[in-house]
Amino acid sequence: MVTLTSEVRPPWQDGHFIGGHPVLDLTNTVFDRLHPAEDGELLRTPSDVLTWCASAGLFEEPPPLTEAAARALVSEVQAVREQAWAVFSAVAGGEPVPAEPFGALLQQAGMGVRAEQVQRISAALDRFTVDWTAPGAIPATLSLLAVQALFALPADRIRACGRCGWLFLDSSRGGRRRWCSMSTCGNREKARRHRHGGRAAD
């Protein structure tokens, strides 16, 4: 049963999991969304994907994969990530949910359910059992989590960092969080404003 309790494992760090929901964290597996770099991809190998999933709480131990499944895993998960990014960046910007990427997430999740890769799904879509050894189970599960998050998370609290574009759920009391992390983008923005004589970021 997926419970989404995380234990960060190498090569991942706590700073990679600032989104407040695994799907928002998934969208942040690109180094900088606003200023893309050639080496900004964080999901480069099957091992990267499996350790990320374990750190996000999808499973405790990475499942054994066939060679063919391992080869397909990275591109499949990257595709789900970009679809989720398109959906939730639109939400963060107060725009309508784009039909094509949302439809692709629905289709991928539905394929996983029909193939019984994802089973025993709760009414809230937040608890389910997964056959992790089945080809396509990981992207199907991530797609289902994205669909669940779209309906479960408060849209007015989904934010994009003003400096790097990473997405996060603003759970602060006043709802005024602006940065993915004060220790990274927040402090960098403060330093930039100080250099230019502007007002420091809150």
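A donor-acceptor pair under 3.5 Å is absent between the side-chain atoms of Glu82 and the main chain of Ala79, judged by distance alone. Remark: side-chain polar atoms of Glu76 are not paired, donor with acceptor, to backbone N or O of Gly136 under 3.5 angstrom. In this structure, Asp25 contributes its side chain and Gly19 its backbone to a donor-acceptor pair below 3.5 Å. Checking side-chain atoms of Asp126 against main-chain N and O of Ser122 turns up no donor-acceptor pair under 3.5 Å. Formation of a donor-acceptor pair under 3.5 Å by the Arg178 side chain with backbone atoms of Arg159 is not found in this model.
For the residue pair Gln83 and Pro101, the shortest heavy atom distance occurs at O-CB, 3.6 Å. Minimum interatomic distance between Arg157 and Arg173 (heavy atoms only, all atoms of both residues): NH2-O, 3.7 Å. Heavy-atom minimum distance, Trp166 versus Asp32: NE1-N, 4.4 Å. Contact between Gln108 and Pro139 at its shortest, heavy atoms only, is NE2-CB, 3.1 Å. Across every non-hydrogen atom of Asp170 and Gly175, the tightest pair is OD2-C, 2.9 Å. The minimum heavy-atom distance between Arg177 and Ser172, with the atom names listed, is N-OG, 3.8 Å.
No side-chain heavy atom of Thr51 sits less than 4.5 Å from a side-chain heavy atom of Pro10. Val77 is listed as a side-chain neighbour of Leu142, based on a closest heavy-atom distance under 4.5 Å. Counting heavy atoms from C-beta on, the side chains of Leu58 and Thr141 come closer than 4.5 Å. Side-chain contact between Cys164 and Cys180: present, with at least one pair of heavy atoms (C-beta onward) separated by less than 4.5 Å. Counting heavy atoms from C-beta on, the side chains of Glu116 and Asp131 never come closer than 4.5 Å. You'll find the side chain of Val87 reaches within 4.5 Å of the side chain of Leu105, heavy atoms only. Contact check for Pro46 versus Val74: side-chain heavy atoms found under the 4.5 Å cut-off. The side-chain heavy atoms of Thr129 and Ile121, taken from C-beta on, include no pair separated by under 4.5 Å.
Transitive grouping of hydrophobic side chains (ILVMFWY, heavy atoms separated by less than 4.5 Å) keeps Met111 and Val113 in distinct clusters. Under a hydrophobic-cluster definition in which Ile, Leu, Val, Met, Phe, Trp and Tyr are linked whenever side-chain heavy atoms come within less than 4.5 Å, directly or via other members, Val147 and Val23 are assigned to the same cluster. Both Ile158 and Leu145 are part of a single hydrophobic cluster, where members link through side-chain heavy atoms under 4.5 Å apart. Under the 4.5 Å side-chain heavy-atom criterion for grouping Ile, Leu, Val, Met, Phe, Trp and Tyr, Trp12 is connected to Val80 within one hydrophobic cluster. Under a hydrophobic clustering in which Ile, Leu, Val, Met, Phe, Trp and Tyr are joined whenever their side-chain heavy atoms come within less than 4.5 Å, directly or via other members, Leu169 and Val97 fall into the same cluster.
In this structure, Glu67 places its CD atom where only 12 or fewer heavy-atom neighbours from other residues, nucleotides or ligands lie under 6.0 Å away.
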Original post:
Checking side-chain contact (heavy atoms from CB on, under 4.5 Å) for the pair Leu65/Leu50: CA distance, chi angles, key distance, verdict?
Top reply: CA-CA 10 Å; Leu65 298 177; Leu50 293 175; 4.2 Å; yes
**OP:** Check the pair Arg163 / Trp179 against side-chain contact (heavy atoms from CB on, under 4.5 Å), numbers first and verdict last.
**Re:** CA-CA 7 Å; Arg163 187 175 178 88; Trp179 316 112; 4.1 Å; yes
Original post:
Stepwise, does the salt bridge (Lys or Arg N to Asp or Glu O under 4.0 Å) test hold for Arg81 with Glu41?
Top reply: CA-CA 12 Å; Arg81 178 191 65 193; Glu41 176 61 65; 2.7 Å; yes
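There is no side-chain donor-acceptor pair under 3.5 Å between Trp52 and Thr29.
In this structure, CD1 on Ile18 lies 13.0 Å from CD on Gln13, to the nearest 0.5 angstrom. Leu106 CG to Ser143 OG: the interatomic distance, rounded to the nearest 0.5 Å, is 9.0 Å. Rounding to the nearest 0.5 Å gives a distance of 6.0 Å between CZ of Arg44 and CG of Asp39. Note: His21 NE2 to Leu150 CG = 10.5 Å, rounded to the nearest 0.5 Å. Between the CG atom in Asn28 and the CG atom in Leu42 there is a gap of 9.5 Å [rounded to 0.5 Å]. Distance check, rounded to the nearest 0.5 Å: CG of Leu24 to CG of Leu167 gives 6.0 Å.
Within the structure, ring pair (Phe, Tyr, Trp, His ring centres under 6.0 Å) pairs that include any residue of residues 59-92 comprise Phe59-Trp132 (at least two apart or interchain).
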